[in-house]
Number of protein chains: 2
Amino acid sequence: MSAPTVSRTQDSLLTPGQVAAMFHVDPKTVTRWAHAGRLGSLRTPGGHRRFRESEVLQLLDSLTTEASRH
Amino acid sequence: MSAPTVSRTQDSLLTPGQVAAMFHVDPKTVTRWAHAGRLGSLRTPGGHRRFRESEVLQLLDSLTTEASRH
DNA sequence: CCTGACTCGGGTAATTGGGGTG
DNA sequence: CATGTCCCAATTACCCGAGTCA
């Protein structure tokens, strides 16, 4: 894999608690979104979920811009 | 500081019940305000609304300062 | 190695959303 | 015209004990 494909997306991984704070919801709710396919879930060897900052930001943006629909 | 890339990621969000308590009205009424365009409505993937604390505070302040704004 | 804080998992309670009505 | 209350279904919030992360 010395491929220069540079898949280096500067994606910081956020914990459920951090994402929950951004949406003002419970960490369990964020877990449900991941389970519903709303967010990609990265799993640590221990089973903990981790979310990509870019994905969370994108989802947050889509929910934030919902005020100008129509 | 124009900071065009940093604006939609640091706002406290309130639940309809919390906003309703601040205005002393029913959550249903707050929902109608959002539907009328008086409040920006942030929707969770599940369909629940979330309101910006700054927007609610501003609306509350305008109602508290001037009840005859016409 | 141990500690502190957070997360996981399932289940239940409370709240929310939408429509229709007064 | 705006607000309050009813129904139902869906979503979200909090409880416990155990494990994992840093």
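Chain letters run A, B, ... following the sequence lines, proteins first and then strands; every chain starts at 1.
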Applying side-chain hydrogen bond (donor to acceptor under 3.5 Å, both in side chains) to R38(B) and not counting sequence neighbours gives none

Residue set satisfying side-chain hydrogen bond (donor to acceptor under 3.5 Å, both in side chains) with S41(A), at least two apart, ordered chain then number -> none

Applied to residues 20-30 of chain A, the side-chain hydrogen bond (donor to acceptor under 3.5 Å, both in side chains) test, sequence neighbours excluded, yields T29(A)-R32(A)

Letter by letter from the 5' end, nucleotides 10-22 of chain C scores (B base, S sugar-phosphate only, - none; protein heavy atoms under 4.0 Å) ------BBBBB--

Residue set satisfying side chain to side chain contact (heavy atoms under 4.5 Å, CB included) with T44(B), at least two apart, ordered chain then number -> V25(A), W33(A), H48(B), R50(B)

Residue set satisfying side chain to side chain contact (heavy atoms under 4.5 Å, CB included) with Q58(B), at least two apart, ordered chain then number -> none

For DNA chain C, consecutive-pair runs of 3 or more (Watson-Crick or G-U wobble, both H-bond-type distances under 3.5 Å) give C:3-19 with D:6-22

| message | For a quick test of reading the model: is some side-chain N or O of W33(A) closer than 4.0 Å to OP1 or OP2 of dT12(D)? | response | yes

Smallest heavy-atom separation, L60(B) atom then M22(B) atom, equals CD1-O, 4.1 Å

F23(A) CZ to dA13(D) C1', in whole Å, measures 17 Å

*asked:* Check whether E55(B) reaches the backbone of G40(B) with its side chain - one donor and one acceptor, N or O, closer than 3.5 Å.
replied: yes

Point to revise | Sugar-phosphate, base or nothing in reach of H24(B), heavy atoms under 4.0 Å | key: nothing

Result for 5'-nearest mapping on DNA chain D, choosing between V25(A) and R38(B), is R38(B)

With R52(A) as partner, the option from L57(A), L39(A), L42(A) fulfilling side chain to side chain contact (heavy atoms under 4.5 Å, CB included) is L42(A)

